[in-house]
Novice: 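My structure is below; once you've seen it, I'll send some questions.
We count ligands from 1, going down the list as the structure has it; atoms in each ligand are counted the same way.
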Amino acid sequence: MNFKDTIEEQYSKYRLNNYGSPTITLVKGKGEHVWDDNGRKYLDFSTGIATTALGHCHPALVTAIQKQAETLIHVSNLYRIEPQGKLAEALVSKAGPGRVFFCNSGAESSEALIKLSRLFGIHKSGTENPATTVIVSNNGFHGRTFGGMSATPQEKIQNGFFPMLPNFPVGKMNDIQSFAELVDDHTAAILIEPIQGEGGIHVASKEFLQDLRSLCDEKNILLLMDEVQSGTGRTGDFFAYEIADIKPDAIGMAKGLGGGFPIGAVWITEDKADLFKPGSHGSTFGGNPLACAAALAVLDTIDSENLLTRVKELSAPWIEQLNQLKETHEIITDIRGRGFLIGIDFSEDPTPIQKKLEDRGLLTVRAGGNVLRLLPPLTVAESSLNESIEILSSVLNESTVPLSN
Ligand SMILES: Cc1ncc(COP(=O)(O)O)c(C=O)c1O
């Protein structure tokens, strides 16, 4: 059997079918490009679902992983290791005074946030009748574990797994009143993504984030920010909440932080960090030498290549061009997002358009509703952004009747 038949058979016979059947087999990547098993090159604006922040195989990331792999791969959190201390310090320098817990994924960062809310709820209201409620947002997404899933009020995620964990009431994004009405003595926290990724690229307004902060301060509840998708520079700020000039009580991170190497992290503000005591949480692999070395390389490169400024500068004209496509194609109802976290909302199911984009060499990711996500790496070349517009334009022109203006 040739390579293609072998891998197809392995996938169809032996791999759990929870992802359905991918149609493309990728074999290598460089920068914003990947290649399939036929040697076909694609412009990768899926970036491993907002993860390969530096593009594929950035030399700084490759070198850091190689060097660390030759030195020390894993020892567990029973011992100190240099890269974990360094990374914790680097994240505190981004988020503010506080402490960091390391895990391996976004869902695990959500679990740690939910556990923090329980510790806080007990601290606030006592063990007899602790505050256990975490208010979440419609269209939110916080992962596929039971905690993450229960905090994700989406039928397609929860279906088949009821009953969920209790006490995750749902407010409406950008409607502060809807959140305020849900707050009572049992409320421990509000958990929100500053830009919802999986849910369809819905952006929390600056005012809404500020109002949430005030509400949490007034009612003594935690503001938990899920920056798993929107963080690590994707919007042109290191954290997407920064536009609102507020400080959350805790932040969940993953995806871009490792540039493709699995890592998750939770930063907790100084006066809440001590709620976790020795033994109250843990992870065998969390923050292991290899993962931390990869994340340190990502953070160093964001600074040394001035990527935050770059994202802001290059995304502005690109988003402008996307908005022009919206003006000329009725099928596009909205362009949402910031920086390189962009959603194109269509008036109908965009699956055929996504397939045509793929055929023309542009990889995108679906999101909630009729949204296609465009997630270039922070290092993307301007010419590749322009190429994405050309591909989109040609696919839209042949798929729909352009408006004449
Ligand atoms: C905002 C947000 N939180 C949590 C998660 C879960 O992350 P993971 O798939 O790494 O568990 C995701 C994944 O898409 C996400 O976008």
Novice: Please determine whether a side-chain nitrogen of the Lys or Arg among Asp249 and Arg213 lies less than 4.0 Å from a carboxylate oxygen of the Asp or Glu.
Specialist: yes
Novice: Between Glu198 and Arg373, is the closest basic N to carboxylate O distance under 4.0 Å?
Specialist: yes
Novice: Salt bridge or not for Lys13 and Glu8, using N-O below 4.0 Å?
Specialist: no
Novice: I'd like to know whether the aromatic ring centres of Tyr42 and His33 sit less than 6.0 Å apart in this structure.
Specialist: no
Novice: Tell me whether the rings of Trp318 and Phe45 are parallel (<30°), tilted (30 to 60°) or perpendicular (>60°).
Specialist: perpendicular
Novice: Should Asp345 and Lys326 count as an ion pair when the cut-off is N to O under 4.0 Å?
Specialist: no
Novice: Heavy-atom cut-off of under 4.0 Å around ligand 1: list whichever protein residues fall inside it, by chain and number.
Specialist: Ser105, Gly106, Ala107, Phe141, His142, Gly143, Glu193, Glu198, Asp226, Val228, Gln229, Lys255
